[in-house]
Chemist: 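Next up is a structure, given as C-alpha cells.
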Amino acid sequence: MDDQTRMLTGLTGLGGLSQPDVGDPDSVRKQQSLGQPQQDIGDILQQIMAITDESLDEAQARKHALNCHRMKPALFSVLCEIKEKTVLSIRGVQEEDPPDPQIMRLDNMLLAEGVSGPEKGGGSAAAAAAAAAAGGSPTDSSIEHSDYRAKLAQIRQIYHSELEKYEQACSEFTNHVMNLLREQSRTRPISPKEIERMVAIIHRKFSSIQMQLKQSTCEAVMILRSRFLDARRKRRNFNKQATEVLNEYFYSHLSNPYPSEEAKEELAKKCGITVSQVSNWFGNKRIRYKKNIGKFQEEANLYAVKTAVDAANVSAQASQANSPATPNSGGYPAPCYTPDGRL
DNA sequence: ATAAATGATTCTAA
DNA sequence: TTAGAATCATTTAT
C-alpha cells in the first residue's frame with residue numbers, strides 16, 4: 001500500500017493537483033468544487049483502489065470502463081513516470097552493457113578463421129595461408145587443403161544455421177514478451193522504456209547462448225586445425241637420394257655430427273627439404289644412433305665404403321667405366337664432394 | 001595384422 | 001636458442 005500512496009502522491013504533484021489526500025472523503029468533496037479534471041482524477045483513483053475488492057466480472061467491466069476514460073492516457077504516463085523513478089531506478093543504473101571482451105575475442109577468432117566472415121574467399125585464403133605456413137608440399141597440400149576447406153565449410157554451415165535458429169527464437173520470444181507487456185500496459189503502468197529494458201534483458205540472455213555457440217565453434221575449428229596442420233599427420237618419407245645425402249654427411253662426420261647453419265642450408269638445398277627438416281633429421285639420427293650403435297653399424301660401414309668409393313671415383317675422374325657392383329643406387333647425379341673428410 | 005622405421009612435435013634443461 | 005629425450009602419427013617392411 002505504501003507504494004500506492006507514494007505513486008498517488010507523486011501523481012497529484014505532477015499532475016498539477018494541489019490536494020494529494022484522495023483517500024479522505026472530505027477532500028473529494030472539496031475537489032468537486034474545484035472543477036471537472038480534479039473530480040475526474042479523484043474518481044478514477046478511487047475506482048482503481050477499489051478494483052481489487054470487486055468480483056472478477058465486475059473488475060473486468062470496470063477495467064474496460066477505465067480504459068476508455070478520457071483521462072486514461074495522462075494518468076498512465078504519469079504512473080509510468082513514477083514507476084520509472086521509484087522501482088526501475090533502483091536497479092536500472094548499473095545495467096549498462098560493457099563490450100564483453102570474451103565475446104570480442106571469440107568474434108575475432110571466428111572472423112580470422114573465416115567462419116563468420118565473408119563466404120568463400122576469406123575461408124579459403126585463411127586455409128591456404130595456414131597450409132603454406134605448415135610447409136606442406138604443394139601437390140598434396142591442395143588435396144589436404146580442399147578437405148580442410150570442406151570441413152571448415154561444414155562447421156561454418158552448422159554455426160550459421162544454429163545462429164539463425166537462436167536469432168529466430170530470440171526475436172520470437174522478444175515479440176511474445178513485447179506483445180504481452182503491451183497487452184498488460186493497458187491495465188498497469190508499463191512504459192515503452194520499460195519494455196525496451198525488458199527486450200535488452202532478453203537479448204543479453206540470448207547473446208550468452210550465442211557465446212556458447214561461438215565458443216564451441218571455436219573449439220571445433222581449433223581441433224580441425226590441429227588435425228590438418230599437424231605435420232605429423234601428413235608425413236612423407238624423404239626420397240632415397242635425400243636420405244643418402246644426409247646419411248653420407250652424418251657418417252662422414254660421425255665424431256661431430258652437428259652441421260653448421262651453412263652446412264644445413266647446403267644439405268637442405270641438395271635434398272630438396274627445408275633447413276628445419278635437416279635439423280630434425282640430424283636430431284633424430286643422433287639420438288637413434290646413440291641409442292643403438294650396433295643396429296647402425298652396418299649402415300655406417302656401408303656409407304664409409306660409399307664415401308671411399310666416391311672419393312676414388314672423383315680422383316679417378318671417370319676415365320674408367322664404373323664397376324656395376326657398386327652397392328649404392330644407380331644414377332647418383334651429384335657425388336658427395338665434402339671437402340672436409342673428417343673422421 | 002603387426003612391428004619397425006621415420007619425420008615431426010613437445011617438453012626440459014643448459 | 002638448441003640439443004636431447006620422449007612421444008606421436010604415419011609409412012614401410014615383415
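Just so it is clear, the model here is predicted, and its values are computed rather than measured. Letters go in sequence order (proteins before strands), and every chain restarts at 1.
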Chemist: Could you give the start and end, 5' to 3', of the contact zone on DNA chain C for chain A, using atoms under 4.0 Å from its heavy atoms?
Modeler: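 So the outermost contacting nucleotides come out as C:dA3 to C:dT12.
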Chemist: Across the strands shown, which category fits A:R286 at heavy-atom distances under 4.0 angstrom: base, sugar-phosphate, nothing?
Modeler: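 Sugar-phosphate contact only - A:R286 comes under 4.0 Å of backbone atoms but never of a base.
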Chemist: Do A:N247 and A:L302 come within less than 4.5 Å of each other through their side chains, counting heavy atoms only?
Modeler: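 When only atoms from C-beta onward are counted, A:L302 and A:N247 do not touch, as no gap falls below 4.5 Å.
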Chemist: A:F296 CZ to B:dT6 P: how many Å, rounded?
Modeler: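 Going from A:F296 (CZ) to B:dT6 (P), I get 7 Å.
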Chemist: A:F250 vs A:Y289 aromatic rings, parallel, tilted or perpendicular, using cut-offs 30° and 60°?
Modeler: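 Correct class here is perpendicular.
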Chemist: Hydrophobic cluster membership, with links at side-chain heavy-atom distances under 4.5 Å among I/L/V/M/F/W/Y: are A:M211 and A:I158 in one?
Modeler: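 No, because A:M211 and A:I158 fall into different hydrophobic clusters, even though each may have its own neighbours under 4.5 Å.
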Chemist: In whole angstrom, what separates A:K234's NZ from B:dA8's C1'?
Modeler: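 Answer to the nearest Å: 11 Å.
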Chemist: Shortest non-hydrogen contact from A:Y303 to A:T243?
Modeler: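 Where A:Y303 meets A:T243 most closely, the heavy atoms are OH-O, 4.3 Å.
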Chemist: In whole angstroms, how far is the C1' atom of B:dG7 from the NZ atom of A:K240?
Modeler: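 These atoms are roughly 17 Å apart.
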Chemist: Any side-chain heavy atom of A:L181 within less than 4.5 Å of one from A:R188?
Modeler: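 Of all side-chain heavy-atom pairs linking A:R188 with A:L181, at least one is under 4.5 Å.
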Chemist: Looking at the rings of A:F296 and A:Y251, which for Trp means the six-membered one, are their centres under 6.0 Å apart?
Modeler: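 No, ring centres 6.0 Å or more apart.
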Chemist: Using a cut-off of under 3.5 Å, enumerate the N/O to N/O pairs linking the protein to nucleotides 3-5 of chain B.
Modeler:
{"from": "B:dA5", "atom 1": "OP2", "to": "A:K295", "atom 2": "NZ", "distance (Å)": "3.3"}

Chemist: Less than 4.0 angstrom between a side-chain N/O of A:Q277 and OP1 or OP2 of B:dG7, yes or no?
Modeler: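 No, because none of the side-chain N or O atoms of A:Q277 sits under 4.0 Å from OP1 or OP2 of B:dG7.
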Chemist: Closest-nucleotide mapping onto DNA chain C: is A:R288 or A:F282 further toward the 5' terminus? I mean the 5' end.
Modeler: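 Mapping each residue to its closest nucleotide by heavy atoms, the 5'-most match is A:F282.
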Chemist: Could you tell me how far apart A:N284 (CG) and B:dA8 (P) are, to the nearest whole angstrom?
Modeler: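 To the nearest whole Å, that distance equals 8 Å.
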Chemist: Could you tell me whether the side chain of A:S191 and the main chain of A:E194 form a donor-acceptor pair under 3.5 Å?
Modeler: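 Between the backbone of A:E194 and the side chain of A:S191 there is a qualifying donor-acceptor contact (under 3.5 Å).
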Chemist: Are any of the side-chain heavy atoms of A:L267 and A:F282 separated by less than 4.5 Å?
Modeler: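 When only atoms from C-beta onward are counted, A:F282 and A:L267 do touch, with a gap below 4.5 Å.
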Chemist: Starting from P on B:dT6, measure out to CZ on A:F250 and report it in whole angstrom.
Modeler: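 So the CZ-P distance, A:F250 to B:dT6, works out to 12 Å.
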Chemist: Going by the salt bridge (charged side-chain N to carboxylate O under 4.0 Å, His left out) test, which pairs reach into residues 164-175 of chain A, not counting sequence neighbours?
Modeler: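 The answer is A:E162-A:K165.
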Chemist: Regarding A:N237, tell me which of base, sugar-phosphate or nothing describes its non-hydrogen contacts under 4.0 Å with the strands shown.
Modeler: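 Result for A:N237 = sugar-phosphate.
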Chemist: Is there a side-chain contact between A:N280 and the phosphate of B:dG7, meaning an N or O under 4.0 Å from OP1 or OP2?
Modeler: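 Checking B:dG7 against A:N280, no side-chain N or O comes under 4.0 Å of OP1 or OP2.
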